[in-house]
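This report refers to the structure that appears directly beneath it.
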Amino acid sequence: MSARTRAGRVWLLKSEPEVFSFDELWRAPKRTTSWGGVRNYQARNLLRDELSPGDLVLFYHSSSTPSGVAGVAEVVRGGYPDPTQFDARDPAHDPASTVDEPRWYAVDVRALGALPRFVPLEAMRAERGLAGMVLLQRGSRLSVQPVTPAEARIVLSMGGWKDPRRSP
DNA sequence: GCCAACGTTGGC
DNA sequence: GCCAACGTTGGC
């Protein structure tokens, strides 16, 4: 494993760029956002239990032309109750959820940088080393996905990524 | 816009 | 607990 990913694991987070793009994260205060509104139990479990500060994030643009990995971010705060579930005006409001027993979780994510080269889905499909990626599995829809270190190295290399956290 | 794949809901 | 119906995701 490279030093780049030594400190933590790597995740792929999907977002529709028309709803929230990597560029919007880049321009956000502190380049940070609360990653919430996820209403799938498998993804919820990952947000709540697995994503940890320092973990790397591949920011994937879905339902887009083309779809693909647009940028790199990092987790800066691990799972905490997703505030949107308590907000009656939020589309992700969940009336069945209570503060004492929250059902949904969010993490905070900070942009590290756009990939010098956008990595389209099609290019990832063509890469033998990425054949096992959750993203590329038939019917895969999970919006929070684990990425292996080897897969991350390939995607980051395709994108021309140099980790600013490691640069002299 | 189409539709395959998947997750959730709710009747029984 | 089963499973049909329905809603959503997301590539094309």
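Order of the sequence lines fixes the chain letters, A, B, ..., with proteins taken first and strands second; residue numbering starts at 1 for each chain.
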Item to check | Check: A:W104 ring centroid to A:Y41 ring centroid under 6.0 Å | outcome: yes

Item to check | Whole angstrom value for the distance that separates P of B:dT9 from CG of A:N40 | outcome: 11 Å

Checklist entry - Between A:R125 and C:dC12, is there a side-chain N or O to OP1/OP2 distance below 4.0 Å? => result yes

Checklist entry - Base, sugar-phosphate, or nothing: which does A:S67 touch, judged by heavy atoms less than 4.0 Å apart? => result sugar-phosphate

Checklist entry - Starting at CG of A:L142 and ending at P of B:dT8, how long is that distance when rounded to a whole Å? => result 11 Å

Checklist entry - Please give, in whole Å, the distance from C:dT8 P to A:R39 CZ? => result 14 Å

Item to check | Option passing side-chain contact (heavy atoms from CB on, under 4.5 Å) with A:R125 (candidates A:L135, A:L136, A:L130) | outcome: A:L136

Item to check | Spacing of A:L135 atom CG relative to C:dT9 atom P, expressed in whole Å | outcome: 16 Å

Checklist outcome for this item: Here the distance between atom P of C:dG10 and atom CE of A:M124, to the nearest Å, is 13 Å

Next on the checklist: Just so I know, are the side chains of A:V147 and A:L56 near enough to count as touching, which here means a heavy-atom distance under 4.5 Å?
Outcome noted: no

Checklist entry - Hey, is the side chain of A:K14 poking within less than 4.0 Å of OP1 or OP2 on C:dG10, counting only N and O atoms? => result yes

Next on the checklist: As a test of reading the structure: which of B:dT8, C:dG11, B:dG7 is closest to the side chain of A:R141, going by heavy atoms?
Outcome noted: B:dG7

Next on the checklist: Using whole Å, what does the distance between atom C1' of nucleotide C:dT8 and atom OH of A:Y41 come to?
Outcome noted: 15 Å

Next on the checklist: Can you measure A:L136 atom CG to C:dG10 atom P for me and round it to whole angstrom units?
Outcome noted: 14 Å

Next on the checklist: Is there a side-chain contact between A:Y60 and the phosphate of C:dG11, meaning an N or O under 4.0 Å from OP1 or OP2?
Outcome noted: yes

Checklist entry - Nearest-Å distance, CG (A:D94) to C1' (B:dT9)? => result 14 Å

Item to check | Residue pair A:G79 / A:V107: nearest heavy atoms and the distance that separates them | outcome: N-CG1, 3.8 Å

